[in-house]
Amino acid sequence: MEKFVISGGKPLRGEVEISGAKNAAVAIIPATLLVEGECILENIPDIKDVNLMFDMLEALGAKVERLSSTSVKIDATKLDTYIAKKELASRMRASYYFIGALLGRFRKANVALPGGCNFGIRPIDQHQKGFEAMKCKVEIKNGCVEVEGENLQAANVYFDIVSVGATINVMLAAVLAPGTTILENAAKEPHIVDVANFLNSMGASIKGAGTDTIKIKGVEKLHGGSYEVIPDQIEAGTYMFAAAATRGNVLIKNVVTKHLEAITSKFEEMGVEIQEGDGEIRVNAENAELSKIKVKTLPYPGFPTDLQPPMVALLTTVKGTSIVTESVWDSRFQYVGELQKFGANITVNGRVAVVEGNMENLSCAEVRATDLRAGAAMLIVALATKGESTVSNIIYIDRGYANIEQKLTKLGADIKRIDD
Ligand code: EPU
């Protein structure tokens, strides 16, 4: 088991290049199942979740050829089965995208119930609602989602809650379904737009992605082509938080600044200096006296839930009482016990965390990543805190952050990956 050993207390300085978006890539890769011909995907992040997706494609019979660490050629013209490999599917949350993609392709799908980060109940009832509206029969049998969609057809779907996964999954099923599917109360995250742009570039007809109403006119088939995945909003945000927590000065490159507005506006409120350029953002917190804040997570364009743990990490270094409300997931503060090991004063009551921050109360600690973004939060506190800390269970961090120790080392961090 690997762990990170961090000698913290040094401001991060320099430049960091952001990789392609994990949550776009893990949807676009299964979406290639709908394409006849070769797809070349560029700016794919080199992370564990993406590699698992490739394994799933290959297990279905698709050809996957890595062209470089960030590009891949996929040909799913010939597939052997509509049944996704159970051991692989059950290992990650995003495997649920194989349901929509296989359904579109074969009019049936069999995919194990998704695994992935655990922070409360993660139902898929809204995905099911969408497929059923499209005249499919959905059953859960032996831990697998089985969908029969012989009569798959367009439908109007009104989602009861805003769900990234359900929006993309039903979009995937609708691309090759006869008629026009209308998704209302759809999620608006940048990766939803990216998946729609990918599908459109391969011949689909999707309008309205990025708004709460998406219209998908079914087409006969999709053709091959090349597509470049957008930069990762959450990875970029994570480095912004690491820069601020260490009171550093970092230029974050290869970003879409618009996607980061919820973070930059909070940073400005706290007194972190932000300079936006073309595809880059400078975060300067050198010698800054940051102020406490209140923040609430919301679906895009609100403050992203995936940056809630990094925000709490930053707030442990900021004097005063800050309040963080989680409104997307039921129990996404489970990691707080680990941050307390650094001496952080955080109390959680349901979906609200009260952080009594003070850099001087923090001291190095041995902690264990409890999920991907919680792992990132622990790294941030370790980087900000003087002394040698260890973060174990980093398999979670590797699921979503490409070359993290190389990127942090380039910023002046003292971080080593150790095999225990
Ligand atoms: N929900 C339902 N029913 C459903 C689907 C979702 O009640 O059928 C609820 C969830 O329980 C949650 C809320 O709706 O309370 C939002 O869930 P959503 O479906 O939007 O989440 P997801 O698609 O499973 C994606 C990201 C998560 C990110 C959320 C919210 C991927 C692969 N995962 O999950 O990212 O937290 O959207 O933005 O895209 C991460 O990257 O670390 C991560 C966990």
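Atoms within a ligand are numbered from 1 in the order they appear, just like the ligands themselves. Quick note: residue numbers are just sequence positions, from 1.
Of all the atoms in ligand 1, the ones that sit under 4.0 Å from a non-hydrogen atom of L372 are 42 (O). Near N23, with a cut-off below 4.0 Å to any heavy atom, the atoms of ligand 1 are 26 (C), 31 (C), 32 (C), 33 (N), 35 (O), 39 (O), 41 (O). The distance from ligand 1 to the heavy atoms of Q126 drops below 4.0 Å at these ligand atoms: 3 (N), 4 (C), 8 (O). The distance from ligand 1 to the heavy atoms of I124 drops below 4.0 Å at these ligand atoms: 4 (C), 8 (O). Taking every non-hydrogen atom of R332 and a distance limit under 4.0 Å, the qualifying atoms of ligand 1 come out as 36 (O), 42 (O), 44 (C). Of all the atoms in ligand 1, the ones that sit under 4.0 Å from a non-hydrogen atom of G165 are 19 (O), 23 (O). Taking every heavy atom of I161 and a limit of under 4.0 angstrom, the matching atoms of ligand 1 come to 1 (N), 2 (C), 3 (N), 6 (C), 7 (O), 9 (C), 14 (O). Interface of T305 with ligand 1, defined as ligand atoms under 4.0 Å from a residue heavy atom, comprises 30 (C), 36 (O), 38 (O).
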Side-chain donor-acceptor pairs of residues 181-188 under 3.5 Å, sequence neighbours excluded:
residue, atom, partner, partner atom, Å
T181, OG1, A155, N, 3.4
N185, ND2, F159, O, 2.9

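Using a cutoff of 4.0 Å between basic side-chain nitrogens and carboxylate oxygens, K63 and E65 are not scored as salt-bridged. A salt bridge does not link K22 to D232: none of the charged side-chain nitrogens sits closer than 4.0 Å to a carboxylate oxygen. With salt bridges taken as basic N to acidic carboxylate O contacts below 4.0 Å, one links R332 and D306. Look at E36 and K221 and you find a salt bridge, because one of the NZ, NE, NH1 or NH2 atoms lies within 4.0 Å of a carboxylate O, short of that distance. Using a cut-off of 4.0 Å between Lys/Arg side-chain N and Asp/Glu carboxylate O, K341 and E338 are scored as salt-bridged.
Heavy-atom distances between Y300 and ligand 1 stay at or above 4.0 Å for every pair. At a 4.0 Å cut-off, not a single heavy atom of Q128 sits close enough to ligand 1 to count as contact. For the pair R399 and ligand 1, no heavy-atom separation below 4.0 Å is found.
Using a 4.5 Å heavy-atom threshold, the side chains of V312 and Y335 count as touching.
Residue-level proximity to ligand 1 for V328 is carried by backbone and side chain together, each with a heavy atom below 4.0 angstrom. At a 4.0 Å heavy-atom cut-off, ligand 1 does not touch F159 at all. In P123, the parts holding a heavy atom less than 4.0 Å from any atom of ligand 1 are both the side chain and the backbone. For K129, no heavy-atom contact with ligand 1 is shorter than 4.0 Å.
For ligand 1, none of its N or O atoms has an N or O atom of A94 under 3.5 Å away. For D125, a nitrogen or oxygen atom sits less than 3.5 Å from a nitrogen or oxygen atom of ligand 1, counting backbone and side chain alike.
Closest approach of A177 to R107, counting heavy atoms only: CA-NH2, 4.2 Å. Closest non-hydrogen pair, L41 versus T32, comes out as CD1-CG2, 4.2 Å.
Among I234, T297, V164, the residue whose heavy atom sits closest to atom 20 (O) of ligand 1 is V164.
Applying the ring pair (Phe, Tyr, Trp, His ring centres under 6.0 Å) rule to F267 yields the partners F241; only residues at least two apart in sequence or on another chain are considered.
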Q: Please assess D414 against K416 for the test salt bridge (charged side-chain N to carboxylate O under 4.0 Å, His left out), listing each intermediate value before the final yes or no.
A: CA-CA 7 Å; D414 184 343; K416 286 181 193 68; 3.1 Å; yes
